[in-house]
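Each chain gets a letter, A, B and so on, in the order the sequences are listed, and its residues count up from 1.
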2 protein chains.
Amino acid sequence: MAKAARDPEERIRERNMRLIIKAGIEIFARKGFDGTRIAEIAEASGLPKANVYYYFASKEEIYKAIISHLIASWDDALKYISPDREPAEAFRLYIKAKLDYTRKNTAESRLFASEIIQGARFLKKKDRDHMRQVTDAHVAVVEGWIAAGKMLPVDPRHLFIMLWASTQYYADFEPIAADGLKKPRLKAEDYETAAITITETILKGILPASAQRS
Amino acid sequence: MAKAARDPEERIRERNMRLIIKAGIEIFARKGFDGTRIAEIAEASGLPKANVYYYFASKEEIYKAIISHLIASWDDALKYISPDREPAEAFRLYIKAKLDYTRKNTAESRLFASEIIQGARFLKKKDRDHMRQVTDAHVAVVEGWIAAGKMLPVDPRHLFIMLWASTQYYADFEPIAADGLKKPRLKAEDYETAAITITETILKGILPASAQRS
DNA sequence: ACAAAAGCTGACCAAAGTGTCAACTTTCTT
DNA sequence: AAGAAAGTTGACACTTTGGTCAGCTTTTGT
């Protein structure tokens with residue numbers, strides 16, 4: 001009764017909030033929560049500072065909005081680990097999808113990394129629980145594969161950590177990754193090579209057949 | 001002539017600078033460069049703020065001092081990749097040493113990660129060049145092993161990125177790693193299991209012999 | 001057309017931050 | 001012992017920052 005549900009005028013609001021969020025992702029990623037100034041976000045989004053405050057009550061609110069949105073957007077890349085797939089195929093797709101997401105969302109990836117390094121102060125329990133559940137499901141699938149003799153008996157949890165680490169590194173630590181590859185900047189083809197190397201290494205290891213089972 | 005070289009009175013200076021650096025590592029790691037306040041460093045080191053400024057001219061100077069010291073301290077862990085070793089042994093030792101260093105120096109590790117994520121603004125060219133050289137040397141060794149048929153033909157640079165990523169993750173993203181392992185905090189034994197899993201996976205892969213060479 | 005709702009923003013604070021300094025105490029050196 | 005050098009620090013100056021607000025303009029529903 002009091003506040004009628006409207007719709008069309010959601011346009012301006014939507015657009016400006018998107019601009020703020022977009023600028024926020026970039027700057028929070030680079031400076032961390034404490035290091036970010038809203039004046040900078042305002043400038044980057046082309047809005048006056050007071051206008052930013054018209055949409056968000058505080059710096060923390062912008063930050064939290066970004067984090068939650070980010071976690072939700074991950075699930076897509078993670079749908080490949082499912083029991084009806086062969087491990088080789090599943091991991092290949094998983095690694096490719098994760099690297100793809102990372103390459104196309106470097107700022108988000110870095111923002112998340114920044115939040116974790118700084119102690120996961122604003123990562124809500126709900127989000128953590130969600131991540132834990134997804135992991136548990138994946139672990140169960142891998143354990144099934146191991147029981148079926150389709151995989152060697154690796155610790156599934158450490159294995160997933162390896163995959164998270166290896167795929168995120170290219171975005172989070174791009175300057176170092178680029179130096180390591182002797183390139184000025186990473187390009188799409190570098191992500192391709194990364195996908196191949198990670199997949200091959202994970203699946204077959206680096207030792208030739210003659211040296212296996214030592 | 002002007003400034004005589006002394007020694008014994010280096011004590012107080014040394015001690016206080018160490019206290020400041022130690023506190024700085026912890027706080028810079030958590031807050032990043034922009035997010036860190038010297039008042040906080042002062043408090044954590046038990047010195048009044050003005051005293052901190054007696055030893056360091058600026059926040060930047062403290063930060064740079066830490067970064068340089070940190071890079072130098074890495075080389076020890078990296079001495080295992082040498083041509084007179086067998087790959088299996090070399091990688092096992094490398095992974096163990098890197099994880100050991102990471103576990104014992106989590107704050108430094110995070111500080112470096114933070115610096116890189118924030119754009120490597122204070123990482124000196126000299127330090128980057130040094131890292132590049134070490135990497136080049138390692139790559140050459142691996143290429144030798146591949147040429148000798150001791151390793152499968154993997155891209156050595158991406159392989160090293162995998163190793164850097166996998167070993168650093170446990171310190172840099174500890175909350176996530178702990179969640180992934182279903183533990184409240186990481187302990188020494190988790191680093192042990194990590195070393196085993198990473199080593200086994202890198203060397204042999206995860207597929208059983210029957211599924212190899214598909 | 002017009003009132004109400006939504007959107008906008010320059011100007012303004014109070015708090016917090018970096019860095020300075022002059023005066024004081026402690027620690028050498030001889 | 002006493003002058004010099006090193007170390008200490010409360011108080012201060014100046015800047016930046018998060019956040020507010022009153023009054024303005026634009027958009028929208030009827």
Side-chain angles (χ1 to χ4, degrees), chain A residues 1-67 114-115 118 121-122, chain B residues 1-24 26-28 30-66 114 118 121-122:
Chain A
M1 297 287 167
K3 296 178 185 177
R6 286 180 205 80
D7 206 10
E9 65 263 31
E10 205 68 355
R11 286 296 119 72
I12 294 179
R13 189 174 197 82
E14 228 167 53
R15 179 179 140 274
N16 283 345
M17 286 183 91
R18 189 168 33 79
L19 286 173
I20 295 166
I21 297 273
K22 193 182 164 191
I25 291 175
E26 219 75 38
I27 297 167
F28 278 126
R30 289 278 173 210
K31 304 287 187 74
F33 179 78
D34 293 290
T36 294
R37 275 138 293 172
I38 349 191
E40 212 179 335
I41 293 183
E43 194 187 5
S45 61
L47 266 40
K49 192 180 61 163
N51 203 352
V52 171
Y53 275 102
Y54 176 70
Y55 289 106
F56 293 93
S58 67
K59 180 159 90 162
E60 192 171 324
E61 209 173 274
I62 306 179
Y63 192 75
K64 281 182 175 171
I66 294 175
I67 296 265
S114 178
E115 162 66 9
Q118 300 187 5
R121 285 182 294 167
F122 299 99
Chain B
M1 294 286 174
K3 296 176 184 177
R6 287 180 203 79
D7 206 8
E9 65 263 32
E10 204 69 355
R11 286 296 119 72
I12 294 180
R13 189 175 197 82
E14 228 167 53
R15 178 180 140 275
N16 283 346
M17 288 182 91
R18 189 168 33 79
L19 286 174
I20 295 167
I21 296 274
K22 192 181 166 191
E26 219 74 38
I27 296 168
F28 278 127
R30 289 278 174 210
K31 304 287 187 73
F33 179 77
D34 294 290
T36 294
R37 272 136 273 173
I38 347 193
E40 212 178 334
I41 294 183
E43 195 187 5
S45 61
L47 267 38
K49 194 182 56 162
N51 204 354
V52 171
Y53 274 102
Y54 176 70
Y55 289 105
F56 293 92
S58 67
K59 180 159 89 162
E60 194 171 322
E61 208 173 275
I62 306 180
Y63 192 74
K64 281 182 175 170
I66 295 175
S114 178
Q118 299 187 6
R121 286 182 296 167
F122 299 98

In whole Å, what is the span from the [atom1] atom of [X] to the [atom2] atom of [N]?
X       : N      : atom1 : atom2 : value
A/Lys59 : D/dT16 : NZ    : P     : 16 Å
B/Glu14 : D/dG7  : CD    : C1'   : 15 Å
B/Leu19 : D/dG7  : CG    : P     : 14 Å
A/Met17 : C/dG7  : CE    : C1'   : 13 Å
A/Ile12 : D/dT25 : CD1   : P     : 17 Å
A/Ile20 : C/dG7  : CD1   : C1'   : 12 Å
A/Arg13 : C/dC8  : CZ    : C1'   : 13 Å
B/Ile62 : C/dT18 : CD1   : P     : 10 Å

Using the side chain to side chain contact (heavy atoms under 4.5 Å, CB included) rule, take A/Ile62 and A/Tyr55 through it: C-alpha gap first, then chi angles, then the decisive distance, then the call.
CA-CA 9 Å; A/Ile62 306 179; A/Tyr55 289 106; over 6 Å; no
Which atoms form the tightest heavy-atom contact between [X] and [Y], and what is the distance?
X        : Y       : result
B/Lys59  : B/Thr36 : NZ-O, 2.8 Å
A/Ala23  : A/Ile41 : CB-O, 3.8 Å
A/Gln118 : B/Gly32 : NE2-N, 4.4 Å
B/Ser45  : B/Leu19 : CB-O, 3.6 Å

Distance below 4.0 Å between A/Asn16 side-chain N/O and C/dA6 OP1 or OP2
no
Reckon B/Arg37 has a side-chain N or O less than 4.0 Å from the OP1 or OP2 of C/dA16?
no
Is the count of non-hydrogen atoms from other residues, nucleotides or ligands lying under 6.0 Å from B/Glu43 atom CD greater than 12?
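Open: at most 12 neighbouring heavy atoms sit under 6.0 Å from CD of B/Glu43.
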Those residues of residues 38-55 of chain B lying under 4.0 Å from DNA chain D by at least one heavy atom:
B/Pro48, B/Ala50, B/Asn51, B/Tyr54, B/Tyr55
When you measure from every atom of DNA chain D, which of residues 24-36 of chain A have a heavy atom less than 4.0 Å away?
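Contacting residues: A/Thr36.
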Taking the basic N atoms (NZ, or NE/NH1/NH2) and the acidic carboxylate oxygens, is any pair closer than 4.0 Å for B/Arg37 and A/Asp34?
yes
Answer yes or no: is there a side-chain heavy-atom contact under 4.5 Å between A/Glu115 and A/Phe28?
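No, their side chains stay 4.5 Å or more apart.
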For the CD atom of B/Glu60 and the CZ atom of B/Phe33, what is their distance to the nearest 0.5 Å?
5.0 Å
